[in-house]
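Below, all heavy atoms of this structure are taken into account, side chains as well, without hydrogens, waters or symmetry copies. Remember, predicted model here, so these are calculated numbers, not experimental data.
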There are 2 protein chains.
Amino acid sequence: MLDDVDRRILRQMQAAPELPNADLAARCDLTPATCWRRIEKMQASGVLNGQQAVIDWQALGYAVEVSLRITLDKTQTRAFDEFIEAARKVRHVIEIQTFLGRVDVRLSVIARDMPHYQQIYRERILTLPHIADIEALMHVARIKQGEALPL
Amino acid sequence: MLDDVDRRILRQMQAAPELPNADLAARCDLTPATCWRRIEKMQASGVLNGQQAVIDWQALGYAVEVSLRITLDKTQTRAFDEFIEAARKVRHVIEIQTFLGRVDVRLSVIARDMPHYQQIYRERILTLPHIADIEALMHVARIKQGEALPL
DNA sequence: GATGAAAAATCTGTGAC
DNA sequence: GTCACAGATTTTTCATC
């Protein structure tokens with residue numbers, strides 16, 4: 001379903017995402033047309049989901065990032081869905097992951113500074129439905145994020 | 001440092017990252033040239049760090065994702081740096097975050113299936129230096145990731 | 001069914017206003 | 001901030017393997 005040529009393209013796209021198609025093709029030892037067609041096929045099959053703008057929160061003035069691990073009160077059937085739905089709407093929640101096990105959900109929350117974070121936490125997070133337990137970790141740095149991957 | 005026009009551009013870039021500059025400008029009620037210059041300025045100031053290709057691991061055949069919380073043995077001064085440096089080199093580690101508090105590091109690891117994960121865990125993760133404690137959570141879904149942000 | 005070459009349509013980035 | 005243009009790039013088409 002995915003051959004070596006495709007893998008080569010993906011690898012190069014990760015290494016240099018903004019490269020024009022012609023240059024990308026050159027690095028993969030392909031002609032621009034072939035390279036382009038491969039990319040289209042991968043997009044059609046869902047392996048590639050386009051590009052995403054990388055925004056630096058720190059430079060934008062968001063100095064604080066906190067990772068919250070949340071356990072839900074699952075005595076109510078719809079607890080999970082209701083919580084996720086509500087959490088999605090909180091603008092300062094930039095990441096939601098769900099898990100199997102003792103912890104149900106992890107949220108990443110950004111804020112301008114600590115007072116701002118406290119405000120978001122009290123008004124936006126603690127008011128989310130069905131929370132049984134929360135544990136917070138203050139974020140220091142994001143060292144690696146989707147760069148070099150096993151291809 | 002960043003006015004409403006810039007915010008509007010960033011918001012649109014997140015909503016539709018692949019849009020040509022001209023269309024992006026139209027959605028922000030700007031002329032293409034103005035929009036372009038704003039983007040350049042934001043790139044220069046470090047707010048915008050280009051684009052990143054979004055690859056779907058599941059479609060690529062990586063069915064398993066595990067989140068590992070690691071506490072380090074900090075009795076040795078260089079423990080932290082040595083651990084991070086070693087972890088960066090592991091290809092199946094797709095994310096590394098560091099924290100302030102009881103837990104030091106969080107890693108996201110992907111694998112083709114559970115046997116493959118077990119192999120990576122034993123050979124690539126447990127062999128990392130200075131680990132005092134590990135806790136693993138099996139990932140179910142990534143529901144939100146850098147889409148709608150507070151701008 | 002996939003490739004390569006080349007032409008047509010489109011976009012970017014610059015310079016003048 | 002706007003307008004227009006030259007150069008570069010993407011995307012199609014067509015012949016080929």
Side-chain angles (χ1 to χ4, degrees), chain A residues 1-62 145-151, chain B residues 1-63 112 145-151:
Chain A
M1 178 183 154
L2 209 68
D3 65 7
D4 268 355
V5 177
D6 292 323
R7 273 169 222 285
R8 222 170 348 153
I9 294 172
L10 289 177
R11 216 176 292 136
Q12 293 296 339
M13 281 185 90
Q14 284 194 138
E18 298 236 63
L19 231 53
N21 184 50
D23 295 359
L24 183 66
R27 292 200 189 192
C28 300
D29 287 316
L30 299 169
T31 59
T34 306
C35 186
W36 189 81
R37 269 190 283 259
R38 294 282 190 152
I39 290 170
E40 250 202 347
K41 211 180 293 177
M42 287 195 278
Q43 277 173 341
S45 75
V47 172
L48 262 174
N49 284 312
Q51 310 259 112
Q52 196 176 41
V54 180
I55 297 174
D56 183 336
W57 305 114
Q58 310 241 3
L60 228 163
Y62 287 90
Q145 182 168 262
E147 318 150 10
L149 290 132
L151 287 169
Chain B
M1 177 186 153
L2 209 68
D3 65 7
D4 268 356
V5 179
D6 291 323
R7 274 169 221 284
R8 220 165 354 149
I9 294 171
L10 289 177
R11 217 176 292 136
Q12 293 296 338
M13 281 185 90
Q14 284 195 137
E18 298 236 63
L19 232 52
N21 185 49
D23 295 0
L24 182 66
R27 291 201 189 192
C28 301
D29 287 316
L30 298 169
T31 58
T34 305
C35 186
W36 170 248
R37 270 190 275 261
R38 294 281 191 153
I39 291 170
E40 253 202 345
K41 213 179 292 173
M42 288 193 280
Q43 277 174 340
S45 75
V47 172
L48 262 173
N49 284 313
Q51 309 260 111
Q52 195 175 42
V54 180
I55 296 174
D56 183 336
W57 305 116
Q58 309 243 4
L60 228 162
Y62 286 90
R112 251 175 276 285
Q145 181 167 257
E147 318 150 10
L149 291 132
L151 288 169

- Mark yes or no for whether A:Arg8, through its side chain, and A:Cys28, through its backbone, hold a donor-acceptor pair below 3.5 Å. yes
For a quick test of your reading: what N or O donor-acceptor pairs under 3.5 Å do the side chains of residues 15-27 of chain B make, sequence neighbours left out?
from, atom 1, to, atom 2, distance (Å)
B:Asn21, ND2, B:Pro32, O, 3.1

- Task: Just jot down the side-chain hydrogen bond (donor to acceptor under 3.5 Å, both in side chains) partners of A:Ser45, sequence neighbours excluded, or say none.
- Result: none
- Excluding sequence neighbours, so at least two apart, what forms side chain to side chain contact (heavy atoms under 4.5 Å, CB included) with B:Asn49? A:Val54, A:Asp56
- Message: Under 4.0 Å, heavy atom to any atom of DNA chain D: which of residues 19-37 of chain A qualify?
- Response: A:Pro20, A:Asn21, A:Ala22, A:Trp36, A:Arg37
- Item | Opening and closing nucleotides of DNA chain C in contact with chain A, under 4.0 Å to non-hydrogen atoms | C:dA2 to C:dA5
- Query: Atom CD1 in A:Ile55, atom CE in B:Met13: separation rounded to 0.5 Å?
  - Reply: 7.5 Å
- Item | Pairs satisfying salt bridge (Lys or Arg N to Asp or Glu O under 4.0 Å), at least one member in residues 29-43 of chain B, at least two apart | B:Asp3-B:Arg38, B:Asp6-B:Arg38
- Item | Pairwise side-chain contact, B:Val5 with B:Thr34, heavy-atom cut-off 4.5 Å (strictly under) | no
